[in-house]
Student: 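I have a structure here, written as structure tokens, and I will follow up with some questions on it.
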Amino acid sequence: MKSLRARLLLLLSVAITLAALVQAVAVFRNAMNEADAVFDYHLQQLALSLASGDMGLPGFGPNVSAGNDVDYVVQVWAPDGRRIYVSRPRSELPSQAVLGYTNVQVGGEQWRVYSMQAGGRTIQVGQSTATRQALALGFALRSIWPMAVMAPLLLLAVAWVVRRSLRPLSDLSRELQNRAATSFDPLDPHPVVSEMQPVVRAMNGLFSRTRQAFDAQRMFVADAAHELRSPLAALKVQVQMLGRAHDEAQRGVALARLESGIDRASHLVEQLLQLARNESGAEEALGPVSLLDTARLALSDTAELALVRGVDAGLEDAEDCTVLAPASGLRILVRNLVDNALRYTPSGGRVDVRVRCEMQPGQPTPQRMALLEVDDSGPGIPPEDRERVFDRFYRRDGSPAGGSGLGLAIVRSVAERCGACIQLGTSPLGGLRVRVIFAPSPPPHPH
């Protein structure tokens with residue numbers, strides 16, 4: 001049962017019904033027991049009243065009867081065993097009396113009898129058990145009928161309370177149903193009950209994050225459309241130049257330019273797809289990954305670019321460290337850093353990649369941190385531009401051709417998923433140093 005209202009109504013109705021039944025049974029049993037005790041008390045009091053009276057008064061005698069329309073039977077025995085009074089001759093009690101209360105069989109019917117001796121006489125007062133039970137049942141039923149009336153009224157009251165209590169939830173549901181898909185305005189938490197206010201605050205937080213993601217996606221689409229317009233226009237021009245070529249030499253030049261333009265457009269599209277995947281959270285879950293193995297794979301991926309550019313790229317301080325990160329995302333991060341360093345380093349330059357572990361200072365329990373450093377001998381980045389280079393499509397003046405301005409934006413996106421910190425500084429090689437500091441790492445990744 002997924003309906004909260006139906007679940008509350010069912011559970012509360014069952015609880016009220018069970019409570020009413022238990023109470024009714026308890027009241028019924030108590031009423032029956034109390035009635036039985038009262039009837040026994042009446043037997044005793046009647047016998048005592050007879051014992052204190054004068055048996056010689058008119059109305060007492062062996063042949064005098066009180067009729068058959070009374071519930072009690074009274075017998076009085078003389079000391080010599082002679083019965084001197086009986087109220088209902090047709091319902092005579094046994095001649096042998098057991099003092100006190102006892103149950104006897106009279107004419108095939110069960111009777112409750114109280115016997116006592118007073119002044120040498122034996123007095124017996126009896127009452128039919130069936131009569132006692134009928135009277136007790138009527139008394140018990142009169143005791144429980146208010147509960148039979150109140151239980152349905154209480155169920156109606158519970159239904160009304162549940163419906164009224166859940167009205168703010170229904171109002172909130174209608175408000176959300178009537179909202180436009182692009183409306184991320186926060187909900188007002190004050191009209192709802194206090195138990196629902198954490199839910200409303202959480203939804204407002206979700207709206208805020210969705211608005212940010214929506215705005216970022218909209219900016220991304222706009223920026224991507226703007227950035228793709230220029231390469232596509234250039235490709236169109238180069239195709240036209242290829243079609244207008246008059247000889248093989250012109251055709252070769254146009255073909256080379258077209259191939260270069262296609263490479264740049266492919267690189268831009270690949271970077272855009274990487275950025276979109278990282279920011280959409282579609283990457284795989286975090287897991288232990290060897291940072292050293294990832295750095296080796298990144299250098300292997302960019303080996304052809306390093307050869308073409310004439311740059312010496314390799315690992316320097318190689319220490320195995322394990323970090324919690326998405327495997328493919330971490331590979332993209334390291335590859336983009338190395339690719340960026342290779343593109344900005346002039347021919348004959350150098351790119352060094354370092355992977356090492358350091359103990360985290362200032363902690364009660366020492367913890368290992370994984371560090372990734374990429375140094376190049378390129379022009380570097382001035383301090384005033386080091387924050388802007390993480391923006392999408394931002395390219396500094398004098399940047400080499402073929403870049404997309406997305407490399408460091410992708411690096412920051414992956415680093416945020418890993419909980420890593422990125423620092424830009426000046427490299428000992430004269431260019432840029434990028435340092436990525438990962439959170440305290442688990443034990444080294446097994447090979």
Side-chain angles (χ1 to χ4, degrees), residues 2 4 166-232 268-287 324-330 332-333 336-337 340 384-396 403-424 436-439:
K2 296 183 179 180
L4 178 60
L166 294 180
R167 183 179 298 172
L169 187 59
S170 301
D171 296 340
L172 179 62
S173 176
R174 283 194 297 271
E175 182 178 353
L176 292 176
Q177 287 177 351
N178 295 330
R179 279 200 168 205
T182 56
S183 175
F184 304 109
D185 295 331
L187 299 169
D188 185 7
H190 296 94
V192 300
V193 294
S194 58
E195 289 79 6
M196 288 178 57
Q197 289 182 2
V199 177
V200 173
R201 287 194 291 268
M203 293 180 66
N204 287 337
L206 176 61
F207 286 155
S208 177
R209 295 191 298 271
T210 305
R211 180 196 293 273
Q212 294 175 2
F214 184 80
D215 292 342
Q217 196 70 19
R218 184 169 53 188
M219 292 175 57
F220 173 81
V221 172
D223 292 342
H226 174 75
E227 292 296 322
L228 284 172
R229 188 178 296 115
S230 296
L232 293 177
L268 175 59
V269 170
E270 181 184 0
Q271 297 283 69
L272 287 171
L273 292 175
Q274 288 178 0
L275 183 61
R277 283 195 297 268
N278 288 327
E279 292 190 344
S280 66
E283 294 289 332
E284 70 271 23
L286 302 181
L324 287 175
S328 60
L330 184 63
I332 290 173
L333 181 147
N336 274 277
L337 288 178
N340 198 64
E384 62 271 15
D385 286 343
R386 287 176 183 172
E387 185 61 30
R388 293 196 60 194
V389 294
F390 291 104
D391 295 339
R392 298 171 182 167
F393 306 110
Y394 175 75
R395 304 189 70 222
R396 296 173 50 243
S404 62
L406 290 174
L408 290 180
I410 294 173
V411 168
R412 183 175 63 176
S413 176
V414 177
E416 288 175 351
R417 290 203 64 209
C418 303
C421 173
I422 304 176
Q423 297 176 352
L424 301 183
V436 184
I437 305 173
F438 293 87

Student: Checking N340 side chain against N336 main chain: does a donor-acceptor pair fall under 3.5 Å?
Tutor: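 Here the side-chain-to-backbone pair does not exist.
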Student: For residues R211 and D185, determine if any side-chain heavy atom of one lies less than 4.5 Å from a side-chain heavy atom of the other.
Tutor: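 R211 reaches D185 side chain to side chain.
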Student: Say you draw a straight line from CG of N204 to OG1 of T210; how long is it, rounded to the nearest 0.5 Å?
Tutor: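 With rounding to 0.5 Å, CG (N204) is 11.0 Å from OG1 (T210).
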Student: Could you list the residues that satisfy side-chain hydrogen bond (donor to acceptor under 3.5 Å, both in side chains) with N178, not counting sequence neighbours?
Tutor: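 N178: no side-chain hydrogen bond (donor to acceptor under 3.5 Å, both in side chains) contacts found.
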Student: What residues form a side chain to side chain contact (heavy atoms under 4.5 Å, CB included) with R201, not counting sequence neighbours?
Tutor: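 Residues passing side chain to side chain contact (heavy atoms under 4.5 Å, CB included) with R201: Q197, P198.
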Student: Indicate the atoms forming the closest heavy-atom contact of L333 with A415, along with that distance.
Tutor: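 The answer is CD1-N, 3.8 Å.
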Student: Can you list everything that forms a side chain to side chain contact (heavy atoms under 4.5 Å, CB included) with Q423? Sequence neighbours excluded, please.
Tutor: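 So Q423 forms a side chain to side chain contact (heavy atoms under 4.5 Å, CB included) with C421, R435, I437.
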